[in-house]
Colleague: 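Pasting in a structure now, in structure tokens, and then I'll have a few things to ask.
The structure displayed is predicted, hence computed values, not measured ones.
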Amino acid sequence: MVDFSIEAVRGKFPALSLTDKGRRRIYLDNPAGTQVPQAVADAVSRCLLTTNANLGGYFETTIAAQQVVDEAHQAMADFLGAASPQEIIIGANMTTLTYHMSRTLGRTMKPGDEIILTRMDHEGNVSPWLQLAEDLGLVVHWLPFDERTWQVEEAKLAGLLSGKTRLVALNYASNLTGSINRVKSLTQLAKKAGALVYVDAVQFAPHGLIDVQELGCDFLICSAYKFFGPHMGILWGRRDVIEGLKAYKCRCSSNGLPERFELGTPQIELMAGLSAAIDYFADLGAGEGGSRRRRIAKAFEVSIAYENPLAQRLIDGLSDISGLAIHGITDPNRLGDRVPTVSFTVDGIVPETIVRQMNAENIFLWSGHNYAWEIVHQLGIPAEQGVVRIGIAHYNTASEIDETLESVHRVIAMLRQQRS
């Protein structure tokens with residue numbers, strides 16, 4: 001039995017106790033990056049101070065540094081359910097890794113080949129493929145999301161697939177609407193057509209257990225700084241796929257896995273922090289016992305059970321405001337189909353004006369398109385304005401949600417009064 005104690009959780013995050021001129025901070029900017037536990041900062045510091053060396057030598061610090069690198073790959077294999085740490089590619093960030101892999105995969109494509117992109121994806125899983133298509137003369141097909149279900153529907157994907165489809169780039173969860181796609185069933189359709197499947201799980205990874213083998217995709221990418229770790233990107237690639245790929249790399253660097261895809265000297269100190277972030281999840285589910293993977297699974301079970309009521313509390317409170325439109329799932333019976341990221345617009349009010357007022361109250365959240373470029377265009381939302389986005393993490397509290405709702409109500413009323 002695992003007991004989720006919000007006080008114990010918050011006690012692990014030093015940033016949550018910081019104040020500015022005596023005013024508390026409410027972190028609801030989590031879709032753009034979460035705060036980190038003390039253990040992550042300690043691991044980074046310890047690595048820099050005690051194992052600071054490049055790889056490949058025979059002295060103590062270089063041997064210890066290699067252990068840090070190996071452990072980070074194993075930790076991510078446990079986190080994602082990968083068959084081997086050799087399937088884990090660690091780099092600067094999701095966008096950089098996707099650009100790199102898109103060019104590598106481009107070596108297997110020819111003019112006239114087809115790729116499918118969704119209207120639901122973050123731009124980091126769109127622009128690399130669009131520009132590859134431009135370079136190689138590929139045909140791009142667009143897969144919209146359903147504005148009633150807020151998900152990508154299988155029937156729509158099936159209508160776009162053909163014998164020429166080489167790749168489908170999918171979104172696991174939207175960073176604007178919060179909607180979760182049925183990645184496994186979408187992947188099955190794509191694989192039947194002979195296409196590779198590349199999944200952006202950046203927004204899902206902090207909020208749900210990922211099992212890459214169960215999903216059946218070929219690639220899946222996420223960002224450590226979105227799940228309480230340091231600024232890094234992690235790409236999982238199915239071994240039988242990545243073994244056959246010729247990477248862009250230095251001539252004299254290793255051709256082994258995953259080294260051939262990890263360019264230059266690794267961010268060893270950040271890899272130490274990455275392992276600590278994974279161990280944070282394992283500790284959260286420690287009452288379950290068993291393997292690290294099993295404990296991570298339990299941690300997500302209890303954190304989801306904690307986050308979902310907070311998300312519904314936020315949705316219900318926002319729904320009381322006239323002229324406010326939530327862009328995403330609001331049905332309490334469908335909470336399992338979304339992550340706790342809630343975006344909205346208000347008739348006649350520019351989102352930035354709301355966010356500026358709330359930021360001044362030390363409530364941290366974002367406005368804009370948030371790189372969900374295709375979503376705002378499909379919904380007809382002015383891209384230069386975007387939405388107000390509120391993102392919950394499992395260290396947030398009910399009282400923080402109530403304070404945020406009170407601020408939203410008050411700020412909107414004030415802005416409307418100023419307009420009248």
Side-chain angles (χ1 to χ4, degrees), residues 4 6 9-10 13 16 24-35 149-151 173-180 203-208 226-228 300 302-347 349 351-370 372 375 379 381 386-415:
F4 185 88
I6 186 58
V9 167
R10 288 178 65 85
F13 290 82
L16 303 185
R24 54 85 187 102
R25 294 179 175 183
I26 296 179
Y27 296 92
L28 291 169
D29 58 329
N30 299 300
T34 52
Q35 302 305 305
T149 66
W150 295 99
Q151 293 167 310
S174 168
N175 74 320
L176 190 147
T177 69
S179 304
I180 298 171
Q203 291 297 319
F204 184 80
H207 304 292
K226 304 296 177 76
F227 56 80
F228 318 109
F300 276 114
V302 296
S303 65
I304 290 168
Y306 177 78
E307 287 178 350
N308 279 355
L310 292 185
Q312 195 60 53
R313 191 184 195 106
L314 176 62
I315 290 168
D316 290 344
L318 293 173
S319 298
D320 290 341
I321 302 174
S322 64
L324 184 149
I326 296 174
H327 302 288
I329 295 167
T330 58
D331 183 351
N333 295 317
R334 294 191 62 208
L335 272 182
D337 293 335
R338 60 142 52 244
V339 296
T341 296
V342 181
S343 297
F344 65 87
T345 52
V346 181
D347 290 345
I349 300 178
E352 182 181 329
T353 61
I354 298 172
V355 166
R356 281 184 176 273
Q357 290 289 335
M358 295 181 67
N359 287 173
E361 298 175 16
N362 256 21
I363 300 173
F364 302 160
L365 41 85
W366 288 97
S367 63
H369 56 70
N370 297 294
I375 291 182
L379 295 177
I381 296 170
V387 297
V388 177
R389 185 178 70 176
I390 301 175
I392 295 169
H394 67 238
Y395 50 55
N396 291 121
T397 65
S399 63
E400 288 180 329
I401 300 305
D402 290 343
E403 284 188 62
T404 299
L405 286 168
E406 189 278 330
S407 176
V408 173
H409 279 256
R410 178 168 34 78
V411 167
I412 289 174
M414 178 192 70
L415 293 171

Colleague: Do Gln151 and Arg334 pass the side-chain hydrogen bond (donor to acceptor under 3.5 Å, both in side chains) test, and can you show the C-alpha distance, the side-chain angles, and the key distance before you say yes or no?
Modeller: CA-CA 12 Å; Gln151 293 167 310; Arg334 294 191 62 208; 3.0 Å; yes

Colleague: Determine the minimum heavy-atom distance between Arg10 and Asn396, stating which atoms define it.
Modeller: NH1-CA, 4.2 Å

Colleague: Taking all non-hydrogen atoms of both residues, which atom of Pro31 and which atom of Lys226 are closest, and how far apart?
Modeller: O-NZ, 3.1 Å

Colleague: Who passes side-chain hydrogen bond (donor to acceptor under 3.5 Å, both in side chains) against Thr34, sequence neighbours left out?
Modeller: none

Colleague: Would you check if the side chain of Ser179 reaches a backbone N or O of Trp150 as a donor-acceptor pair within less than 3.5 Å?
Modeller: yes

Colleague: So Val408 and Phe344, side-chain contact (heavy atoms from CB on, under 4.5 Å) or not? Walk me through it.
Modeller: CA-CA 11 Å; Val408 173; Phe344 65 87; 4.2 Å; yes

Colleague: Got a second to check how far Leu310's CG is from Glu307's CD, nearest 0.5 Å?
Modeller: 7.5 Å

Colleague: Between His409 and Gly317 (side chain of the first, backbone of the second, donor and acceptor by atom type, cut-off under 3.5 Å), is there such a pair?
Modeller: yes

Colleague: Quick one: closest heavy-atom pair of Gly208 and Ile304, and the distance?
Modeller: CA-CD1, 4.2 Å

Colleague: Set out, in order, the CA-CA distance, both residues' side-chain angles and the distance that settles side-chain contact (heavy atoms from CB on, under 4.5 Å) for Met358 and Val411, then state yes or no.
Modeller: CA-CA 8 Å; Met358 295 181 67; Val411 167; 4.1 Å; yes

Colleague: What pair of heavy atoms forms the shortest contact from Pro206 to Phe227, and how long is it?
Modeller: CA-CB, 4.0 Å

Colleague: Taking the six-membered ring for Trp and the full ring for Phe, Tyr or His, determine whether the centres of Phe228 and Tyr395 are under 6.0 Å apart.
Modeller: yes

Colleague: Of all heavy-atom pairs between Ser367 and Glu352, which one has the smallest distance, and what is that distance?
Modeller: OG-CA, 3.5 Å

Colleague: How long is the gap from CD1 on Ile363 to OG1 on Thr404, to the nearest 0.5 Å?
Modeller: 4.5 Å

Colleague: Taking it one step at a time, do Arg338 and Ile315 satisfy side-chain contact (heavy atoms from CB on, under 4.5 Å)?
Modeller: CA-CA 12 Å; Arg338 60 142 52 244; Ile315 290 168; 3.9 Å; yes

Colleague: Do the side chains of His327 and Ile381 get nearer than 4.5 Å, heavy atoms only?
Modeller: yes

Colleague: Hey, what do you get for CD (Gln357) to CD1 (Ile412), rounding to the nearest 0.5 Å?
Modeller: 11.5 Å

Colleague: Run the side-chain hydrogen bond (donor to acceptor under 3.5 Å, both in side chains) test against Ser407 and tell me which residues pass, sequence neighbours left out.
Modeller: Glu361

Colleague: Checking side-chain contact (heavy atoms from CB on, under 4.5 Å) for the pair Trp366/Asn30: CA distance, chi angles, key distance, verdict?
Modeller: CA-CA 10 Å; Trp366 288 97; Asn30 299 300; over 6 Å; no

Colleague: State, to 0.1 Å, how close Leu176 and His369 come at their nearest heavy-atom pair, and which atoms those are.
Modeller: CD1-O, 3.9 Å

Colleague: Is the backbone N or O of Gly368 less than 3.5 Å from a side-chain atom of Asn370, with the two atoms forming a donor-acceptor pair by type?
Modeller: yes

Colleague: Once rounded to the nearest 0.5 Å, what's the spacing between atom CG of Leu335 and atom CD1 of Ile180?
Modeller: 10.0 Å

Colleague: Any side-chain heavy-atom pair from Leu28 and Ile392 closer than 4.5 angstrom?
Modeller: yes

Colleague: Ile326 and side chain to side chain contact (heavy atoms under 4.5 Å, CB included): which single residue from Thr177, Leu318, Thr345 fits?
Modeller: Leu318

Colleague: Can you tell me how far CG of Asn175 sits from CD of Gln203, rounded to the nearest 0.5 angstrom?
Modeller: 5.0 Å

Colleague: CG of Leu405 to CG of Leu314: how many Å apart, nearest 0.5 Å?
Modeller: 5.5 Å

